[in-house]
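Accompanying notes for the structure given below.
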Protein chains: 2
Amino acid sequence: MIIKIGELAKISGCSVQSIRHYEKEQLLSAKIRSDGNFRLYDQADIERLLFIKYCRSLDLSLAEIRQLLSLNDSPMSQCDDVNQMIEQHIEQVERRIAELTLLNKQLKALRGSCTSKRTVEHCGILKQLNKAVSQNN
Amino acid sequence: MIIKIGELAKISGCSVQSIRHYEKEQLLSAKIRSDGNFRLYDQADIERLLFIKYCRSLDLSLAEIRQLLSLNDSPMSQCDDVNQMIEQHIEQVERRIAELTLLNKQLKALRGSCTSKRTVEHCGILKQLNKAVSQNN
DNA sequence: ATTGACTCTATAGTTACTATAGACTTTAAA
DNA sequence: TTTAAAGTCTATAGTAACTATAGAGTCAAT
């Protein structure tokens with residue numbers, strides 16, 4: 001079964017532009033083109049794109065996915081590389097979670113500090129922000 | 001006390017380019033320039049920049065900060081606007097935390113699935129990824 | 001007067017796309 | 001068979017919040 005880019009977009013749930021973008025980034029290429037220069041894809045391409053999409057849903061960068069795909073393409077390479085990448089990615093995600101959790105606390109502390117219907121002159125949030133600034137200074 | 005941009009960068013911990021960027025984005029402007037066209041800042045500018053920096057550390061966007069600053073500058077406006085913005089921001093942060101937490105779980109499940117020293121041919125991580133893809137399909 | 005440090009503007013690069021313009025191709029109906 | 005709509009092509013610009021660079025001008029000290 002051979003399909004064009006619009007069909008592939010529908011099947012995969014990716015946008016047409018994304019697919020062209022992945023091609024530019026060397027993650028996925030239409031090996032053949034139609035007479036009119038339209039990209040043509042087969043089943044293997046569909047699977048490759050779904051793989052890419054799944055990895056993106058894990059927040060892996062295109063560079064990381066490119067690496068995974070090339071490991072996948074050359075079966076003699078070592079697992080260690082894959083492991084190490086995933087490990088680093090986990091650390092990065094955990095750092096980000098910690099940051100956001102702290103952030104959330106601070107924002108919630110702010111939220112309580114301003115009662116409605118007052119003018120900003122006495123706005124608790126702005127007061128708190130300004131206070132935080134002068135303390136950090 | 002009047003200082004130039006390099007000094008302001010040192011005091012605030014922002015880069016020189018960031019400060020110029022904030023000016024382009026209308027968050028902070030050097031009201032005066034030297035004869036040689038150098039930006040000159042005073043104490044109020046330092047405080048304004050520290051305010052910006054603190055808000056950035058809360059992950060507020062430059063657009064949101066611009067809004068806060070303009071509320072701060074016009075004391076007759078309503079607190080409600082500030083409250084609403086912070087509220088939305090909290091929601092956004094919480095959504096992101098939830099996403100990342102799920103992500104983290106999935107990554108950790110992956111991590112265990114590949115033992116070292118094997119070739120990628122039998123790499124558990126890649127196997128799992130490919131499996132996930134075919135299931136979602 | 002000259003050197004080195006600093007500053008200026010303007011531009012390109014980062015990431016993973018989205019959106020647009022203008023031209024060409026394909027498919028379906030009239 | 002013509003024509004119109006829908007799809008596709010490339011290339012370019014925009015998004016966010018910067019960072020990095022080039023090339024030119026300014027300032028302070030020697």
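A note on names: the letters A, B, ... follow the listed sequences, proteins ahead of strands, and every chain is numbered from 1.
- Hydrophobic clustering (side-chain heavy atoms under 4.5 Å, transitive across Ile, Leu, Val, Met, Phe, Trp, Tyr) keeps L102(A) apart from L107(A).
- Rounded to a whole Å, the CD atom of E7(A) is 17 Å from the P atom of dT26(C).
- Between the NE2 atom of H89(B) and the P atom of dA16(D) there is a distance of 15 Å, given to the nearest Å.
- Counting to the nearest Å, the C1' atom of dG7(D) and the OH atom of Y41(A) are 14 Å from each other.
- I2(A) places its CD1 atom 16 Å from the C1' atom of dT26(C), with the value rounded to the nearest Å.
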Reading nucleotides 17-30 of chain D from 5' to 3' and marking B where a protein heavy atom lies under 4.0 Å of the base, S where only the sugar-phosphate is that close, and - otherwise, the string is BBBB----BSS---
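- Residues D59(A) and Q92(A) are not in side-chain contact: their nearest non-hydrogen atoms beyond the backbone lie 4.5 Å or more apart.
- Under the 4.0 Å criterion applied to side-chain N and carboxylate O atoms, R96(B) and E99(B) are assigned as salt-bridge partners.
- Proximity of R39(A) to the phosphate of dT8(D): no side-chain N or O atom is located under 4.0 Å from OP1 or OP2.
- If you measure from atom NZ of K10(A) to atom P of dG7(D), you get 7 Å, rounded to the nearest angstrom.
- The distance between atom CZ of R33(A) and atom C1' of dG7(D), rounded to the nearest whole Å, is 14 Å.
- With hydrogens and angles disregarded, no donor-acceptor distance shorter than 3.5 Å links the side chain of H89(B) to the backbone of E64(B).
- Remark: side-chain polar atoms of K53(B) are paired, donor with acceptor, to backbone N or O of S12(B) under 3.5 angstrom.
- Across its full length, the helix from dA1(C)-dT30(D) to dA30(C)-dT1(D) shows an angle of 30° between the axes of its 5 terminal pairs at either end, rounded to 10 degrees.
- Annotation for Q26(B): atom CD does not count as buried by contact number, only 12 or fewer foreign heavy atoms lying within 6.0 Å.
- Put simply, CG on L27(A) is 13 Å from P on dT15(C), counting in whole angstrom units.
- Looking at R33(B), R48(B), K31(B) one by one, the single match for salt bridge (charged side-chain N to carboxylate O under 4.0 Å, His left out) with E23(B) turns out to be R33(B).
- Within the 4.5 Å cutoff, no side-chain heavy atoms of I65(B) are placed close to those of Y22(B).
- Here dC17(C) presents its P atom at 12 Å from CZ of R66(A), a figure rounded to the nearest Å.
- Tracing side-chain contacts under 4.5 Å through hydrophobic residues (I, L, V, M, F, W, Y), one never reaches M1(A) starting from I32(A); they form parts of separate clusters.
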